[in-house]
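Every chain is numbered from 1, with letters handed out A, B, ... down the list of sequences.
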Number of protein chains: 2
Amino acid sequence: MMTAQSTAVGAPAVEVIPVGGLGEFGMNMMLVACGDTALLVDAGVMFPEPELFGVDLVIPDVGALDTYKGRIAALILTHGHEDHIGAVPHVWPHINGPVYGTAFTLAMVTPKLDEHGVDHDGRLITVTPRQRIEIGPFTVEFIHVTHSIPDATALAIHTPQGVIIHTGDFKIDQTPLDGERFDLHRLAELGSQGVLALFGDSTNADAPGFTGSDRDVIPGFEEIFSSAPGKIIVASFSTSIYRMQVLVDIADQFERKVAFVGRGMIRNSEIAARLGVLTIPPGLQIADSDIRDYDPQDILCLCTGSQGEPMAALPRIAIDDHRHVKVEDDDVVVFSARSIPGNEKAIARVMNHLAKRGADIIIDGMKHVHVSGHGSAEELKLVLSLVQPRFFVPIHGEYRQLAQHARLARAVCPSATVRMLEDGDVLRFDAEGAKVVDRVKTGRILVDGTRMGEVGDEILRDRRHLAGDGLVVAVVAINGKTGELERTPEVIVRGMATDPRQDELLREAPGLLERALGEVPREERTDPGLVKERIRLEVQRMFRKRANRRPLVLPVVLEM
Amino acid sequence: MMTAQSTAVGAPAVEVIPVGGLGEFGMNMMLVACGDTALLVDAGVMFPEPELFGVDLVIPDVGALDTYKGRIAALILTHGHEDHIGAVPHVWPHINGPVYGTAFTLAMVTPKLDEHGVDHDGRLITVTPRQRIEIGPFTVEFIHVTHSIPDATALAIHTPQGVIIHTGDFKIDQTPLDGERFDLHRLAELGSQGVLALFGDSTNADAPGFTGSDRDVIPGFEEIFSSAPGKIIVASFSTSIYRMQVLVDIADQFERKVAFVGRGMIRNSEIAARLGVLTIPPGLQIADSDIRDYDPQDILCLCTGSQGEPMAALPRIAIDDHRHVKVEDDDVVVFSARSIPGNEKAIARVMNHLAKRGADIIIDGMKHVHVSGHGSAEELKLVLSLVQPRFFVPIHGEYRQLAQHARLARAVCPSATVRMLEDGDVLRFDAEGAKVVDRVKTGRILVDGTRMGEVGDEILRDRRHLAGDGLVVAVVAINGKTGELERTPEVIVRGMATDPRQDELLREAPGLLERALGEVPREERTDPGLVKERIRLEVQRMFRKRANRRPLVLPVVLEM
């Protein structure tokens, strides 16, 4: 069945370059080039590791795209998750043509472009599954896949060298909530016609078995709703639209009002409802400011903060520092999300604060309240079986997951050639086959936004720049029990040009920080994670306002 | 059945004070006092959070024991895990009498005392289960429990106010490897005679169901052994003697030699073999230095480093920096331990390094290769059912686990009174019942040891002291790809008295650090976790050797 697609001798070579997302989770971006035309597939961000103090977003180095300047004829988006669309505003100047994506995907992109003041008029083009777009020598075909967000797609990129399939992110949900099934038929058809290369999502390659359907959480939540005596508060990712739908439906069934709490939840639920991918029965939804007007047993809050992010809704609620939501004795708090590695301690601290207020805390395992959006080993094998590619490249994952996906591919498609790539490798497909012929510079760019909701205040800068703007180490000695400051904080500065305005700030900074921390609740001051974030924000604000500087702020808390 | 134990009016009051282990994992220590006699139950350490830079151990503040000076007539140890015995050398001066424990428990304590130069001659007294020890008004009875370490016990402390049961750490393993069953019969007997109070291990209170037997990992490992083409390397806790036994037995069956790798593994396997709690068939074991003389498929390595600790065996092996063990293409590496929260990123980095060397990595879930040592909800309920205490106090866990255990107790023993205590609360039992009457000062003491194996070089100091010895911030800019230093490091010092010797060091430190880092392998320099630990060690060493100072070292890595 491979014969149909053998490459015409003399057909132009095709080059594929993963710009981000290989060897790391997130920051997914891939370039496909042939002759004078290049396509960019996805432009995602990564959430920073705890080691990257003071950095809010990490995006792939767009300098890697300079080689293709003026030749990137389109940006193709597979779905609307941050790790696939979060960097769209940042790559925008490099794209010399339209942005294609499904309706919901583009609806998630639009507010980002607006926030960055980007004029996107007429350049966002909505596609539907099975639609084919011609771009120079390429025909890009969108194939519907199931994932934890609606309107997700894989891509079949028809090139002069053959068909390249990029899976996007997927699992195989046989009972999708919106009834939109994974288009296995089209994958099978392409597979029997012959596929040059498969680039496959490896996120869950090391999980055995099948991931399961988004419906699988329904029984667990039904149990929770049938016995909860007070409010039910569920924290999940604000892009988990199917999770929202499950909870809205169950809330309706159990006659609880639904309030979305936290900026991302509110915004994404609005977008999803507007596009019809989230259905909220009339009269069910209330504003977060109205929660206190209802009996606790009549309320479901869907909120942000499942990762313990210090400024998100649930962590603020947990220390009784939220304007509208207060946790009380009979409330149930459900963590309906996985813990992203590195966040575990912060999440545990949020849970302890909630437990101290009397909340009953439920995590996945106690009841089944979370399902991954990524396919496990058996789903990856099924896709490999259907596609039967000549070449296979695992993408989306740390090295370990890529290596595991490669193992699965060798077992399922012994005749396929596996190519393990790294970010920046140039994989060239030509009459000879496929090999890495070059390497472009890649890297990470750190974005120092603000988590305080100051929209438009986002500043792009790389490490060099950060280092150039100086480093501030703030050393605060705090009594671990009372939260009292044991002495005036020390503020150490390095790598910052001095001027009189700044000298004054440096003299005053310790006192200013001391006063600012004095106004923070005790519970926040005795929580090392929260107080560090607070110190970072206060010092950042001080230097921004008073000296127009954006140094890297490193909080050091000495617990006494 | 409660009538038998109603308290004689006029019997002296009994006070119980949890000194550590409530609201945190680890650092378990409890004081029981009556009249002029006090007992200390356990003296454990905690492993520091990543936030506590440069700290190797955390122990409860022994200052809390000052109130009972001269009255602590014995230290009773429930079992030999670090979080129960790690602080024995530190509390030693406060104990005015013997230390009681089972044979294996004391065997784990002895080397610690020797390392600290403590003369313990005649003061360590070995007990056996069901043995009763009279200490002043108390009779302490040891009750065998099953846990992930041999020779673990619960305690029944007979007091003038009634029987207090302290579970120690336990699960209910119905098929223990050593055949020593949980002594449910004695618990049942005490329960029907009437128990004043139960202090119960809450570690896994939020896990539903039963934990399972240590034998449960056998089928998973058998599968691994029957198919592994190269070396098998298993990382687990060095105190997991049952895990060692399972692996030794399977290695014997599959004709592989066993090498223990890493200091803790080597020492604990020796102790366990000497005491007969680990049986190694003659000729099976080889030294780590002999591994290279065998074919890879004839080798099982049991090593330390399951938590990604930068200086332990597996993390060194992963970056090809171990004297005796090299990972090769066909090797299988098994992580046979849970990830302690906070360590996930470090563990993932170790896995990626191993995957790059071609190792097949297996974690729990891919095969069943780890079982917890702590009882899940159903096991906790069973113990509550058997004991039927008048008062119940959940111990060992963060607040969330304690609260969950309290919920279980309210369901199983509705007539029991649950008391939620915090470290330092003085719970007084008298004719009136049980209530918190006072609070003693508690806290944490941070121990700044060295992880380099420099035995005897351990220095005790608290935060105040640390702060007084100064703070060194070392800022190193490293190219994320090549590991090259982008410029000479900066070394910032605060809170340190100056003298000429130190001024000289400060001038030279950046260059010294640059040279030291230049000698480190590229893979270590590009791994943020490893390079930070390296910087910390190098700077610590510099200040110790050249200025006789032990500052708190804070490494800052700017990745370029």
Side-chain angles (χ1 to χ4, degrees), chain A residues 23 49-53 206-208 339 341-345 347-349 351-356 358-361 363 365-367 377 398-404 407 442-444 462-464 466-467 471 473 475 477 480-481 486 490 492 494-495 528-529 532 552 554 556-560, chain B residues 23 49-53 206-208 339 341-345 347-349 351-356 358-361 363 365-367 377 398-404 407 442-444 462-464 466-467 471 473 475 477 480-481 486 490 492 494-495 528-529 532 552 554 556-560:
Chain A
E49 300 158 28
E51 280 116 13
L52 295 177
F53 298 96
D206 47 13
S339 306
N343 296 341
E344 290 80 359
K345 297 287 277 192
I347 296 171
R349 282 194 290 252
M351 290 179 180
N352 289 326
H353 289 302
L354 290 166
K356 279 189 189 138
D360 189 3
I361 292 158
I363 57 172
M366 295 170 75
K367 308 264 186 227
E398 295 193 359
Y399 195 90
R400 180 165 71 98
Q401 284 79 30
L402 304 181
Q404 186 60 25
R407 265 171 227 279
T442 58
R444 310 192 293 177
D462 65 13
R463 260 305 179 220
R464 248 171 264 275
L466 264 176
L471 168 72
V473 182
V475 186
K481 294 273 174 202
E486 295 272 322
E490 277 198 84
I492 310 167
R494 269 300 177 280
K532 276 190 185 171
L552 176 64
L554 195 67
V556 180
V557 174
L558 301 180
E559 200 185 295
M560 295 297 187
Chain B
E49 299 158 29
E51 278 114 16
L52 295 176
F53 298 95
D206 46 14
S339 306
N343 295 343
E344 290 81 0
K345 297 287 279 191
I347 296 170
R349 282 193 290 253
M351 289 180 180
N352 288 326
H353 288 303
L354 291 166
K356 279 190 190 137
D360 189 3
I361 293 158
I363 57 173
M366 296 172 75
K367 309 262 187 228
E398 294 193 1
Y399 195 90
R400 179 166 71 99
Q401 284 79 29
L402 304 181
Q404 185 60 25
R407 264 171 227 279
T442 59
R444 310 192 293 177
D462 66 11
R463 262 299 181 221
R464 249 171 264 275
L466 264 177
L471 167 73
V473 182
V475 185
K481 294 275 173 198
E486 294 273 320
E490 278 197 83
I492 310 168
R494 271 298 178 281
K532 277 190 183 172
L552 175 65
L554 192 66
V556 180
V557 174
L558 300 182
E559 200 186 294
M560 296 294 188

(request) Just jot down the side-chain hydrogen bond (donor to acceptor under 3.5 Å, both in side chains) partners of B/K356, sequence neighbours excluded, or say none. (result) none
(request) For A/A348, enumerate each residue passing the side-chain contact (heavy atoms from CB on, under 4.5 Å) test, keeping only those at least two apart in sequence or located in another chain. (result) B/E398
(message) Using a 4.5 angstrom heavy-atom cutoff, name the option from A/Q401, A/Q404, A/M351 with the most pairs to chain B.
(response) A/M351
(message) Using every non-hydrogen atom in the two residues, find where B/A403 and A/A355 come nearest and quote the distance to one decimal.
(response) CB-CB, 4.3 Å
(request) Using non-hydrogen atoms and a 4.5 Å limit, figure out which bit of B/S339 sits close to chain A: side chain, backbone, both or neither. (result) neither
(request) Let me know if B/I363 has heavy atoms under 4.5 Å from chain A in its side chain, its backbone, both or neither. (result) side chain
(message) Testing the basics here: between B/D360 and A/R407, what is the closest heavy-atom pair and its distance to 0.1 Å?
(response) CA-NH2, 3.3 Å
(request) Taking all non-hydrogen atoms of both residues into account, name the closest pair between B/E344 and A/P341 and its distance. (result) CB-CB, 4.1 Å
(request) Specify which of B/L402, B/D206, B/V473 makes the most heavy-atom pairs with chain A at under 4.5 Å. (result) B/D206
(request) Measure distances from B/A377 to the heavy atoms of chain A and classify the residue's part below 4.5 Å as side chain, backbone, both or neither. (result) neither
